[in-house]
2 protein chains.
Amino acid sequence: MAESKEFLYPVKWLSKASAGDRVTSELRMRIISGMIESGAILSENKLAADFGVSRSPVREALKILASENIIRLERMGAVVIGLTEKKYAEIYDVRILIETFVFERLVRMNTNELVMELSKILGMMKVSIKYLDADEFSYQDVLFHETIIRSIDHSYILMIWDNLKPVMESLILLSMRSRFKEKYEDFTRIINNHQLYIDAIKTKDRDIMIKSLHENFDDVQGKVEDLWMAQQMLSKGVEQEND
Amino acid sequence: MAESKEFLYPVKWLSKASAGDRVTSELRMRIISGMIESGAILSENKLAADFGVSRSPVREALKILASENIIRLERMGAVVIGLTEKKYAEIYDVRILIETFVFERLVRMNTNELVMELSKILGMMKVSIKYLDADEFSYQDVLFHETIIRSIDHSYILMIWDNLKPVMESLILLSMRSRFKEKYEDFTRIINNHQLYIDAIKTKDRDIMIKSLHENFDDVQGKVEDLWMAQQMLSKGVEQEND
DNA sequence: TCAAGTACACTTGTATACAAGTATTTTATA
DNA sequence: TATAAAATACTTGTATACAAGTGTACTTGA
């Protein structure tokens, strides 16, 4: 009823999306941001009313979020799991696992085209910084890594990424928004890291690859700390509706 | 309308399952077995009619199968992808990836309880062989590996397994059924492999682990060859309905 | 005050209805 | 016969309705 007009997920990314996709994305953001607290119980009917849609798209959303492990479907109601610190560590375990795998494939491939593509994306990222567009920057950041993963044409590695991506996207969005406000100087470092990533792929130097991989994850670790800050901000500013 | 009474998926495994689960499991089996050919276009309405249910559970099934990468949801109709040889290789890439990861965690854990559990499952497998129950054997085989994976309590590794499991289960079911008929002697070797697996975990000997891991996958490779045989049998014996 | 049973509110899963959009086929026209 | 236009038979996504089941709360009885 008294639904907030503010959406956490960028509405422009949903122009062609279905109601189901909209609910999925927005709900995910609210859970990951902490706006919907861990342990909360979500009702299909209530969510449908809140989002102004029927139960069908809400059901779809809950199924997807359950497969992403951020809610748990029980007999009565969906229980919000949220992201504990343990889970962050686990997400990055998996990212390291698959990106390492991808790297091993890449060194045996022609990477010219990929390097071009990545350079283009890096250019986009620089522009996003210049014009203070945190959402666009996040989009390009996610796209950067997805482009690398897609390049080896491995459907099951891609499947893992597809499951991880939405959560990663939400994390990065929230982190980048807060950084644009508070730690603007970080972005030159992030750009340098990504350039190192590209160089590693270009030279096919495994040592640089490992180095850039770890720097990237150190950086990501920073993102996560920012996220905690963002969560604090949000949970103070948002009134929880319990009835 | 002229729906076959024969279900590929064991009906007793679906006793408490919803119509959606039933459709999902059976459809998966029909695709992986080759009974529904790669490239075929599935219609929600038609499937609903065939299975005698409404579109709701069918939609649910298609979403799940799409996330498992065995169909592709397009604007009009779901296109069956099926499993090419490349995809088999990719599945086992991922299995090796995650099982290796799990092993690394296991060597730092107390594995007594796990070893007990695995021994029990192995006992079940032996009984299944004795009584020629291919489905039960498959169930225990899948459970064996799932038990190992669950033991490290890693939600995102488990997420990967959850996505892989249904396809693995189908593959193993089909392969084991044909083996019980044609290559019964294989099973002593499979049992030995699993015993080696347990020993590796018990002694925490990384070398044995690697050895048993590879023997297991060699074995699995055999399973896949059997599957091709099974597909041949099926595609000859089944009349495709096209109208 | 406490226990048991009943009624109610709310849950999921499924069926069905409908709107909007997209291929296909048919029909009309040159 | 070839081409354009219109009718049709699909498709998906969403809304709504309903049945069966589950938990809660209230009432009734001691």
Side-chain angles (χ1 to χ4, degrees), chain A residues 1 3 7 9 11 13-28 31 36 39-68 70-81 166 240-243, chain B residues 1 3 7 9 11 13-28 31 36 39-68 70-81 166 240-243:
Chain A
M1 17 214 115
E3 189 215 328
F7 280 80
Y9 196 80
V11 283
W13 294 3
L14 296 168
S15 57
K16 278 201 164 184
S18 66
D21 292 335
R22 249 180 281 269
V23 173
T24 307
S25 298
E26 182 58 23
L27 212 47
R28 186 188 295 115
I31 291 171
I36 298 176
I41 291 172
L42 304 177
S43 147
E44 290 183 2
N45 283 314
K46 209 168 186 180
L47 287 173
D50 286 354
F51 281 99
V53 297
S54 78
R55 268 181 61 218
S56 310
V58 171
R59 273 182 76 78
E60 190 186 314
L62 293 183
K63 287 262 163 65
I64 291 171
L65 297 180
S67 84
E68 291 170 9
I70 59 182
I71 67 172
R72 183 162 23 90
L73 259 37
E74 299 198 341
R75 248 165 290 175
M76 305 212 77
V79 181
V80 174
I81 302 179
Q240 201 73 11
E241 305 176 59
N242 299 328
D243 46 318
Chain B
M1 12 207 123
E3 189 216 330
F7 280 81
Y9 196 81
V11 284
W13 295 4
L14 295 168
S15 57
K16 278 201 163 186
S18 65
D21 292 336
R22 248 179 281 271
V23 173
T24 307
S25 298
E26 182 57 24
L27 212 46
R28 187 189 294 113
I31 291 171
I36 298 177
I41 292 173
L42 304 177
S43 147
E44 289 182 2
N45 283 314
K46 210 170 186 176
L47 288 172
D50 286 353
F51 281 98
V53 297
S54 77
R55 268 180 62 216
S56 309
V58 172
R59 274 181 76 78
E60 191 186 314
L62 293 183
K63 287 262 163 66
I64 292 171
L65 297 181
S67 85
E68 290 171 9
I70 60 180
I71 67 172
R72 185 164 20 92
L73 260 36
E74 298 198 341
R75 246 165 289 176
M76 303 212 85
V79 180
V80 174
I81 302 179
Q240 202 73 13
E241 305 178 58
N242 298 327
D243 45 317

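Residue numbers begin at 1 in each chain, while the letters A, B, ... track the order of the sequences.
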Along DNA chain D (nearest heavy atom to each residue), the more 5'-positioned of A/Arg75 and B/Arg55: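 Result of the comparison: B/Arg55.
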[X] has an atom [atom1]; how far is it from atom [atom2] of [N], in whole Å?
{"X": "A/Ile71", "N": "C/dT12", "atom1": "CD1", "atom2": "P", "result": "10 Å"}
{"X": "B/Glu60", "N": "C/dT14", "atom1": "CD", "atom2": "P", "result": "6 Å"}
{"X": "A/Glu44", "N": "D/dT14", "atom1": "CD", "atom2": "C1'", "result": "14 Å"}
{"X": "B/Lys16", "N": "D/dA20", "atom1": "NZ", "atom2": "C1'", "result": "14 Å"}
{"X": "A/Leu47", "N": "C/dC10", "atom1": "CG", "atom2": "P", "result": "15 Å"}
{"X": "A/Ile41", "N": "D/dT22", "atom1": "CD1", "atom2": "P", "result": "17 Å"}
{"X": "B/Leu73", "N": "D/dT12", "atom1": "CG", "atom2": "C1'", "result": "10 Å"}
{"X": "B/Lys63", "N": "C/dG13", "atom1": "NZ", "atom2": "C1'", "result": "16 Å"}

Under 4.5 Å between any side-chain heavy atoms of A/Lys16 and A/Asp21, yes or no?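 Heavy-atom side-chain distance check fails, nothing below 4.5 Å.
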Within the structure, does a side-chain N or O atom of [X] lie under 4.0 Å from either OP1 or OP2 of [N]?
{"X": "A/Ser43", "N": "C/dT11", "value": "yes"}
{"X": "A/Ser54", "N": "D/dT14", "value": "no"}
{"X": "B/Asn45", "N": "D/dT11", "value": "yes"}

To the nearest 0.5 Å, tell me how far [X] [atom1] sits from [Y] [atom2].
{"X": "B/Ile71", "Y": "B/Ile41", "atom1": "CD1", "atom2": "CD1", "value": "12.0 Å"}
{"X": "B/Leu65", "Y": "B/Lys63", "atom1": "CG", "atom2": "NZ", "value": "12.0 Å"}
{"X": "B/Leu27", "Y": "B/Leu62", "atom1": "CG", "atom2": "CG", "value": "6.5 Å"}

Classify A/Arg59 by what it touches in the nucleic acid, base, sugar-phosphate, or nothing, heavy-atom distance under 4.0 Å.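 Base contact - A/Arg59 has a heavy atom under 4.0 Å of at least one base atom.
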Across the strands shown, which category fits B/Ser56 at heavy-atom distances under 4.0 angstrom: base, sugar-phosphate, nothing?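 Counting heavy atoms under 4.0 Å across all strands, the contact made by B/Ser56 includes a base.
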What's the closest nucleotide to the side chain of A/Met76 if the choices are D/dA15, D/dT14, C/dT11?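 Among the listed nucleotides, the one closest to the side chain of A/Met76 is C/dT11.
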Can you sort out the partners of B/Glu44 under side-chain hydrogen bond (donor to acceptor under 3.5 Å, both in side chains), two or more places apart, ordered by chain and number?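 B/Glu44: side-chain hydrogen bond (donor to acceptor under 3.5 Å, both in side chains) contacts with B/Arg55, B/Arg59.
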